[in-house]
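Predicted, not measured: the structure shown is a model, and the values here were computed from it. Computation of the quantities below employed the complete heavy-atom set of this structure, encompassing side-chain atoms and omitting hydrogens, waters and symmetry-equivalent molecules.
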Amino acid sequence: QVQLVESGGGLVQSGGSLRLSCVASTSIFSFISMAWYRQAPDKQRELVASIISGGSTNYADSVKGRFTISRDNAKKAVYLQMSSLKPEDTAVYYCNKVPAYYNWGQGTQVTVSS
């Protein structure tokens, strides 16, 4: 069973930055597209950013220009550098394959205060 472990969340003031990390146990990590998702209270889970095995990226309009997704295949890790954070970015952030395939991990809470 593939495990997804997210970390790096926390409490930050509006305008601040955080760097999220995700480590996936799958042996085929280097060949798959990965993404960060988030779910705010009483909201549907949404796709935030994705990255293919070759490194090309895509972002939701709401985070474009502020968030950067990257990956380190040797470490089986995907990262999300978040800058200029806004209160509306508050959510639990999860990583998974694109499209979502593995069981969801616990996620990491990001709280942005105004």
Side-chain angles (χ1 to χ4, degrees):
Q1 186 175 2
V2 171
Q3 290 186 311
L4 301 167
V5 182
E6 300 94 344
S7 63
L11 175 64
V12 65
Q13 292 185 333
S14 180
S17 300
L18 284 173
R19 183 174 182 263
L20 307 184
S21 298
C22 168
V23 177
S25 64
T26 177
S27 62
I28 60 169
F29 180 86
S30 63
F31 304 110
I32 62 177
S33 298
M34 293 291 293
W36 284 96
Y37 304 79
R38 69 185 181 188
Q39 187 168 26
D42 300 319
K43 303 290 186 181
Q44 298 246 42
R45 182 180 284 114
E46 63 175 337
L47 180 66
V48 175
S50 61
I51 183 167
I52 66 171
S53 60
S56 296
T57 60
N58 203 3
Y59 300 90
D61 288 341
S62 60
V63 307
K64 194 170 295 181
R66 300 188 297 119
F67 290 10
T68 301
I69 188 171
S70 60
R71 67 192 296 159
D72 185 336
N73 290 337
K75 296 179 179 179
K76 297 180 181 179
V78 60
Y79 308 99
L80 187 67
Q81 179 65 52
M82 305 184 294
S83 300
S84 302
L85 284 162
K86 305 174 181 179
E88 51 263 45
D89 295 319
T90 295
V92 178
Y93 285 71
Y94 304 86
C95 63
N96 213 320
K97 185 182 183 295
V98 180
Y101 178 79
Y102 303 119
N103 289 340
W104 298 100
Q106 293 299 116
T108 185
Q109 176 72 51
V110 172
T111 302
V112 185
S113 62
S114 59

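Contact of the S17 side chain with the Q81 side chain is registered, since non-hydrogen atoms from C-beta on lie closer than 4.5 Å. Under the 4.5 Å side-chain criterion, counting only non-hydrogen atoms from C-beta, R38 is in contact with V63. At a threshold of 4.5 Å between non-hydrogen side-chain atoms, the residues L20 and M82 count as touching. Q1 places a side-chain heavy atom less than 4.5 Å from the side chain of N103. Using a 4.5 Å cut-off on side-chain heavy atoms (C-beta onward), L4 and N96 make contact. Under the 4.5 Å side-chain criterion, counting only non-hydrogen atoms from C-beta, V110 is in contact with L18. Annotation: side chain of Y101 is not in contact with side chain of T26 (no heavy-atom distance under 4.5 Å).
Listed for the S21 side chain is no donor-acceptor partner under 3.5 Å among the backbone atoms of Y79. E6 contributes a side-chain N or O that, together with a main-chain N or O of C95, makes up a donor-acceptor pair within less than 3.5 Å. With hydrogens and angles disregarded, a donor-acceptor distance shorter than 3.5 Å links the side chain of S25 to the backbone of Q3. Side chain of D72 to main chain of A77: no donor-acceptor pair is present (N/O by atom type, distance under 3.5 Å, no hydrogens or angles). A side-chain donor-acceptor contact under 3.5 Å links T108 to the backbone of G9. No donor-acceptor pair under 3.5 Å is formed between the side chain of R71 and the backbone N or O of G54.
S53 approaches N73 most closely through the heavy-atom pair O-ND2, 4.1 Å. When every heavy atom of A35 is checked against every heavy atom of L47, the shortest pair comes out as CB-CD1, 3.4 Å. Listed here is the closest heavy atom pair of V112 and T90: N-OG1, 2.9 Å. Residues L80 and A49 approach most closely at CD1-CB, 4.2 Å, considering heavy atoms. For the pair Y37 and P99, the tightest heavy-atom approach, listed with the atom from each and the gap, is OH-C, 4.1 Å. Nearest heavy atom pair, residue S27 against residue K76, reads CA-NZ, 3.9 Å.
At least one cation-pi condition fails for R66 and Y59: the charged atom is not both under 6.0 angstrom from the six-membered ring centre and inside a 45 degree cone around its axis.
Residue Q109 qualifies as enclosed at atom CD: its count of foreign heavy atoms under 6.0 Å is above 12.
Using cut-offs of 30° and 60° for the angle between ring planes, the F67 and Y93 rings count as tilted.
With respect to K64 and D61, a salt bridge is recorded, a charged nitrogen being found less than 4.0 Å from a carboxylate O.
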